[in-house]
Amino acid sequence: MIHKITRKEDINPDDYLIEVVAPQVAERFQPGHFAVLITVPNGERIPMSIQKAEDGKITMFIKRLGKTSRELDTFKVGDLLESVIGPMGNPPEIKKYGNVVFASDLVCGHAENYSMCKELREIDGNHVISMQTFPSSKDVYPEEELCRDVCDEYYLTTLDGSRGIKGHYREILKDMLDKGKVDMIFAGGDIPGLRELAKLTKPYHIPTIVTVRQIMVDATGMCGSCRVFVDGEMKLTCIDGPMFDAHKLNFEDIISRLAMFKEKEAMAMEHYKKGVE
Amino acid sequence: MAKINKVRIPMREQSCEKRIKNFDSVPLGYSEEEAMAEAKRCIQCKDPICEKNCPVRMKIKAMIREIAKGNFKNAFFIAKEDNPIPAIAGRVCPQEDQCEGACIMGKTGDAINIGKLGAFIADWAMKNGVTEEFHIKEKDKKVAVIGSGPAGISCAVDLRKFGYQVTLFEALHIAGGVLQYGIPAFRLPKDIVDYELSYLKKIGVDVKLNNIVGQNIKFSELRNEFDGIFLGTGAGAPRFLNIEGEKLKGLYSANEFLIRVNLMKAYKFPEYDTPIVCGDRVGVIGAGNVAMDSARCAIRLGAKEVYILYRRTKEYSPARDEEIQHAIEEGVIFKELVNPVRFIGNEDGWVTGVELVKMKLGEPDKSGRPRPMKIEGTEFILELDTIVNALGTKPNRLFLDKTPELETASWGGIKVDENLMTNIKGVTAGGDAISGGATVILALGEGRQAAASIHKYLSNSNENG
Ligand SMILES: Cc1cc2nc3c(=O)[nH]c(=O)nc-3n(C[C@H](O)[C@H](O)[C@H](O)COP(=O)(O)OP(=O)(O)OC[C@H]3O[C@@H](n4cnc5c(N)ncnc54)[C@H](O)[C@@H]3O)c2cc1C
Ligand SMILES: Cc1cc2nc3c(=O)[nH]c(=O)nc-3n(C[C@H](O)[C@H](O)[C@H](O)COP(=O)(O)OP(=O)(O)OC[C@H]3O[C@@H](n4cnc5c(N)ncnc54)[C@H](O)[C@@H]3O)c2cc1C
Ligand code: SF4
Ligand code: SF4
Ligand code: FES
């Protein structure tokens, strides 16, 4: 399979968008699925949320973080990825939830926000509310990549108030919860932020499903690297998730395990920089 | 008649000091002269009991006879008749329990080194570009083989030889199953696995990587598209102990540890991108081949002390003799009669040790080995910074969860009849997927048996087929 890049754009100073040919993934995609990329022959297998799947192509938002994401940023339209595998994961049911929120404050969350809202809105009886938070106006994605057009009610916030409403989506959500307006919450993004969200929504007893990022190797349930604990029970993010009940997740463990390879990741980055220079 | 030589022609090996710093093959292989000399030790028994103890009934006697005469090409063809991957089996079979364990020469001296002779002859053919020649009479029926481990490989080869159009689906980005991701290169060099896989393509098997049946391609689609199916999906999901501390950083399943090291080549990090963190003091729980492989990888990753933590004693270890011996030579320390109670970590969430309880051996259990029993009040702590859990594997539920129509056995594996047919007509299964974890050669034998079964099924379903 030839995985050619057909579109690549900066969407804010940290994140870029990449569209790549992957017919098998695109054809079978459901919101909540992710893809596994191998960008170069000696590369690692990295999971990436999918924003859109159309015409045999998938679109992803990627944050420049470590070696792989930065190296991929040097790829241009027309370049090929080694492998694009998927769709992976066990997506949540798309059904009637009533007043349903999708909230996001980070790259991968924004991708899922888009795909989930778009599908949820197709279901009669759903009122889809999308919320997106960015640090500042310069970080806000281009209008056409925001979720404004795929939902019924839209909120854009920036932490410094330079665009949209000032603050985090949690504040708007709290308001809505107080007014009893919400039946179901989905969210994705910063993990400590999702822990805060879980704390916020729990007293209201509103079901809250969040996307977990955990370090993956195979993403097929073979290794256990992506294990998380739901009500004390071990689950695998790759095949049981990546979306789980936020009220049952042990976030401390997730955050701790995400840091397991920090030193090595820094080494990989150093090694890569040296090679580029 | 020449005097019988009771002593094996020794296998040259990389020295211990050298090999613990690399992932290259430990045995260096026989030269032609050495192989012939070893083959000449075989007394060519009238009733070669070695063959009866080979799960695929290799014609060992004839192969050895030809090696002794220097007719390597003939020897290779003979080996290939029953075993499509002699280079691999020769390196990883538990020969002491199989062919060599039965060899008559072993009664009064050293058994013939049948495994290494098999590997020699296959390596010789690879080096000299000798391959089997056969004519495929094409049939228009299509068979799907799922999983590219030894079971899938052997099934695909035989089905192709019968003339079927064979598509092999593999979940990972590299084919080979355990041969690729589990067994390290110092035991099974990857160029050998690659060679066998390139042979598959050469005979016309369509190998589709990154295809996870049940996940990104539906089983029902395959059932519609193909006339027969073989399930060689292995038993690749890790088992955890469900004890305190399994969330800790620095604690791996053997699968994760070995996949990072072997499949993703973390031992070449940062030339390869996938990292591994391996500390100075490593504890490996279990004592089978998987545990030995993990321990020997840890040594090569630079660990200073590597422990095998086993609830029985060494002599009951299910690992191959050669592996145990190599592990000990390389400095792996056996801590016998201990069982983990919980894993201990620090406030940063890193593992710092394991609490173990001492065990004693009781009456034999179902496996015939003495049952290990806890000695109450003997708990103690062993400080470690990396722990690898090598307590066996189970079938991957990714596939089974999505195929409720497929009947499974009570232990979770796929259920088959004596012809390796599942409850679904035309769908066969073999290898670890039906046994839960056996050997390369048993998986291979079942792959072949399933191919024959599919052939029979398809021949009957259409008289002109
Ligand atoms: C289901 C899922 C969906 C994801 N979707 C997106 C997305 O849409 N956009 C995006 O930018 N990122 C996404 N990620 C995270 C992405 O996989 C990592 O950012 C990427 O692997 C980092 O690689 P790197 O070499 O650039 O950085 P590294 O230097 O390797 O890692 C930087 C940090 O990223 C995290 N990380 C590293 N490897 C992984 C991994 N295999 N899985 C998860 N986290 C990892 C760790 O916390 C690490 O400290 C997703 C992760 C998961 C599990
Ligand atoms: C570390 C280790 C060391 C071992 N050492 C030895 C040894 O020295 N000697 C010995 O005889 N045996 C050894 N074994 C056991 C032996 O390797 C196995 O018994 C044998 O590989 C089983 O073969 P298989 O073909 O059934 O499955 P596997 O080799 O497990 O192959 C199964 C394949 O199916 C693929 N797959 C799974 N699900 C799907 C799906 N849904 N869609 C597509 N593909 C899928 C997997 O990715 C995998 O590639 C060892 C095992 C391990 C793990
Ligand atoms: S296949 Fe295995 S058991 Fe059979 S002869 Fe070869 S090494 Fe021995
Ligand atoms: S049993 Fe031993 S000596 Fe006899 S034929 Fe087999 S390998 Fe040769
Ligand atoms: S990534 Fe290996 S089990 Fe999930």
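Quick note: numbers below take in every heavy atom, side chains included, and nothing from hydrogens, waters or symmetry partners. In this text the structure is predicted, and so the values were computed from the model without any measurement. The chains referred to below are lettered A, B, ... by the order of the sequence lines, with proteins before strands, and numbering in each begins at 1.
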With a 4.5 angstrom heavy-atom cut-off, which part of [X] approaches chain B: side chain, backbone, both or neither?
{"X": "A/Val40", "value": "side chain"}
{"X": "A/Ile215", "value": "side chain"}
{"X": "A/Met234", "value": "side chain"}
{"X": "A/Arg257", "value": "both"}
{"X": "A/Ile254", "value": "neither"}

Would you please go through residues 257-268 of chain B and name the residues with a non-hydrogen atom below 4.5 Å from one of chain A, in numerical order?
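Within residues 257-268 of chain B, the residues that come under 4.5 Å of chain A (heavy atoms only) are B/Ile259, B/Arg260, B/Met264.
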Looking at chain A, which one of B/Asn389, B/Asn210, B/Thr393, B/Asn242 has the largest number of heavy-atom pairs inside 4.5 Å, strictly under?
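Sorted descending by pairs with chain A, the first entry is B/Asn210.
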Least distance between heavy atoms, [X] atom then [Y] atom:
{"X": "B/Lys247", "Y": "A/Phe229", "value": "CB-CE1, 3.4 Å"}
{"X": "B/Asp273", "Y": "A/Gly43", "value": "OD2-CA, 3.4 Å"}
{"X": "B/Phe269", "Y": "A/Lys264", "value": "CZ-O, 3.1 Å"}
{"X": "A/Phe261", "Y": "B/Glu256", "value": "CZ-OE2, 4.3 Å"}
{"X": "A/Gly221", "Y": "B/Pro238", "value": "O-CD, 3.8 Å"}
{"X": "A/Thr220", "Y": "B/Asn396", "value": "O-ND2, 2.8 Å"}

So for atom [atom1], which belongs to [X], do other residues, nucleotides or ligands contribute more than 12 heavy atoms lying within a distance under 6.0 Å?
{"X": "B/Lys208", "atom1": "NZ", "result": "no"}
{"X": "B/Glu383", "atom1": "CD", "result": "no"}
{"X": "A/Glu263", "atom1": "CD", "result": "no"}

Is [Y] close to [X] at the side-chain level, that is, under 4.5 Å between some pair of heavy atoms?
{"X": "A/His33", "Y": "B/Asn216", "value": "no"}
{"X": "A/Gln24", "Y": "B/Ile217", "value": "yes"}
{"X": "B/Arg397", "Y": "A/Asp240", "value": "yes"}
{"X": "A/Glu44", "Y": "B/Tyr272", "value": "no"}

Just verifying a value: how many Å separate [X] [atom1] and [Y] [atom2], rounded to the nearest 0.5 Å?
{"X": "A/Ser225", "Y": "B/Asn255", "atom1": "OG", "atom2": "CG", "answer": "11.5 Å"}
{"X": "A/Met260", "Y": "B/Leu248", "atom1": "CE", "atom2": "CG", "answer": "10.0 Å"}
{"X": "A/Arg45", "Y": "B/Leu172", "atom1": "CZ", "atom2": "CG", "answer": "5.5 Å"}
{"X": "B/Ile212", "Y": "A/Ile85", "atom1": "CD1", "atom2": "CD1", "answer": "7.0 Å"}

Between B/Ser253 and A/Gly224 (side chain of the first, backbone of the second, donor and acceptor by atom type, cut-off under 3.5 Å), is there such a pair?
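Judged by distance alone, no pair lies under 3.5 Å.
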Relative to chain B, which of A/Glu71, A/Lys67, A/Arg28 shows the most heavy atom pairs under 4.5 Å?
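Option with the greatest count: A/Arg28.
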For the candidates A/Pro87, A/Pro41, A/Ala259, which exhibits the highest count of non-hydrogen atom pairs separated by less than 4.5 Å from chain B?
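Maximum pair count with chain B is reached by A/Pro87.
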Please tell me whether B/Gln215 and A/Asn90 have a donor and an acceptor in their side chains that are separated by less than 3.5 angstrom.
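The criterion, which ignores hydrogens and geometry beyond distance, is not satisfied for A/Asn90 and B/Gln215.
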Do we see a donor-acceptor contact under 3.5 Å between the side chains of B/Lys249 and A/Ser256?
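Yes - a donor-acceptor pair under 3.5 Å links their side chains.
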Distance-only donor-acceptor pairs under 3.5 Å for side chains of residues 345-352 of chain B, two or more places apart:
from, atom 1, to, atom 2, distance (Å)
B/Asn346, OD1, B/Asp348, N, 3.0
B/Asn346, OD1, B/Gly349, N, 3.1
B/Asn346, OD1, B/Trp350, N, 3.0
B/Thr352, OG1, B/Ile344, O, 3.2

